[in-house]
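As the structure lists them, so they are numbered: ligands from 1, and atoms in each ligand from 1.
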Amino acid sequence: MKDPRGRLLILLIALSVVSVVVAGAVYADLEIGYYSPENLGSITQPAPAKNHADAAYTISSFPLYTPELVPGEGRQDVEAYCNTCHSPSYITMQPPLPAATWEAEVNKMGRVFGAQIPTESQASILKYLESHYTPETRKR
Ligand code: HEC
């Protein structure tokens with residue numbers, strides 16, 4: 001291209017493209033985090049509650065639901081040893097489980113989770129669970 005006016009024209013076009021890009025970037029930067037007054041009003045909040053001078057508050061204990069285990073021989077052992085890490089609802093919320101499954105459960109509590117249960121108590125716990133929480137024996 002020999003004509004100097006042609007070069008000038010290309011230079012002008014390039015300059016205008018660059019300035020549009022730069023202006024856009026500057027504008028976008030200014031827009032970040034900018035909230036116009038209309039936006040500010042769009043998050044509505046409830047009016048703050050008024051404190052009453054004569055209000056009385058009480059804090060009661062947290063309502064923990066602890067299901068009652070079926071009465072029977074061995075229940076005391078279950079309550080003593082199966083109650084330290086979780087509530088007995090872990091027993092009552094199971095479907096009726098076969099005796100072998102209960103045995104595996106009780107073994108797992110000791111082997112996997114580290115429950116310290118004397119052997120004779122373990123036997124009475126198993127007997128209790130078999131007598132009240134298997135498909136054949138479970139009433140509630
Ligand atoms: C050393 C703590 C500990 C003791 C004691 C304990 N458990 Fe658990 N038990 C756990 C943990 C941990 C889980 C798993 C909890 C979870 O998955 O959210 C669990 C879960 C269970 C479950 C749900 C099924 C499962 O395998 O996750 C049953 C049923 C259960 N325990 C029964 C018993 C019985 C019966 C005893 C008494 C012999 C007992 N637990 C004593 C720690 C213990």
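Here the CE-NE2 distance, from Met109 to His86, works out to 5.0 Å after rounding to the nearest 0.5 Å. Atoms OG and CD, from Ser121 and Gln116 in turn, are 12.5 Å apart once rounded to the nearest 0.5 Å. Here the CZ atom belonging to Phe113 is positioned 5.0 Å from the NZ atom belonging to Lys108, to the nearest 0.5 angstrom. In this structure, CG on Leu126 lies 11.0 Å from CD on Glu105, to the nearest 0.5 angstrom. Atoms CG and CD, on Asn107 and Glu103 in that order, are 5.5 Å from each other to the nearest 0.5 Å. Expressed to the nearest 0.5 Å, how far CD1 of Ile13 lies from CG of Leu8 amounts to 10.0 Å.
Between Tyr133 and Trp102, the two ring planes are perpendicular [angle over 60°; tilted spans 30° to 60°].
Closest protein heavy atom to atom 23 (C) of ligand 1: Gln94 NE2, 3.4 Å. Of the protein's non-hydrogen atoms, the one nearest atom 13 (C) of ligand 1 is Phe113 CE1, 3.4 Å. Atom 29 (C) of ligand 1 has its closest protein heavy atom at Tyr90 O, 3.2 Å. In terms of protein heavy-atom proximity, atom 8 (Fe) of ligand 1 is closest to His86 NE2, 2.0 Å. Here the protein heavy atom with the shortest distance to atom 39 (C) of ligand 1 is Met109 CG, 3.2 Å. For atom 28 (C) of ligand 1, the closest non-hydrogen atom on the protein side is Glu105 OE1, 3.5 Å. The nearest heavy-atom contact from the protein to atom 36 (C) of ligand 1 is Cys82 SG, 2.8 Å. Protein heavy atom nearest atom 1 (C) of ligand 1, with residue, atom name and distance: Cys85 SG, 2.8 Å.
Transitive grouping of hydrophobic side chains (ILVMFWY, heavy atoms separated by less than 4.5 Å) brings Val26 and Val18 into a common cluster. Connection of Val70 to Ile125 is established within a shared hydrophobic cluster, with ILVMFWY side chains joined at heavy-atom distances below 4.5 Å, either directly or through further cluster members.
Considering both main-chain and side-chain atoms, Lys108 comes within under 3.5 Å of ligand 1 through a nitrogen or oxygen pair. When only interatomic distances are considered, the shortest N/O to N/O separation between Tyr81 and ligand 1 does not fall below 3.5 Å. In terms of polar-atom proximity, Thr84 is not counted as a contact of ligand 1, lacking any N or O under 3.5 Å from an N or O of the ligand.
Protein heavy atoms are found less than 4.0 angstrom from atom 18 (O) of ligand 1.
Side-chain atoms of Glu68 and Arg75, non-hydrogen and from C-beta on, do get closer than 4.5 Å to each other.
Less than 4.0 angstrom separates some heavy atom of Ile91 from each of these atoms of ligand 1: 35 (C). Of all the atoms in ligand 1, the ones that sit under 4.0 Å from a non-hydrogen atom of Ile117 are 38 (C). Interface atoms of ligand 1 facing Ala115, defined by a heavy-atom separation under 4.0 Å, are 1 (C), 4 (C), 5 (C).
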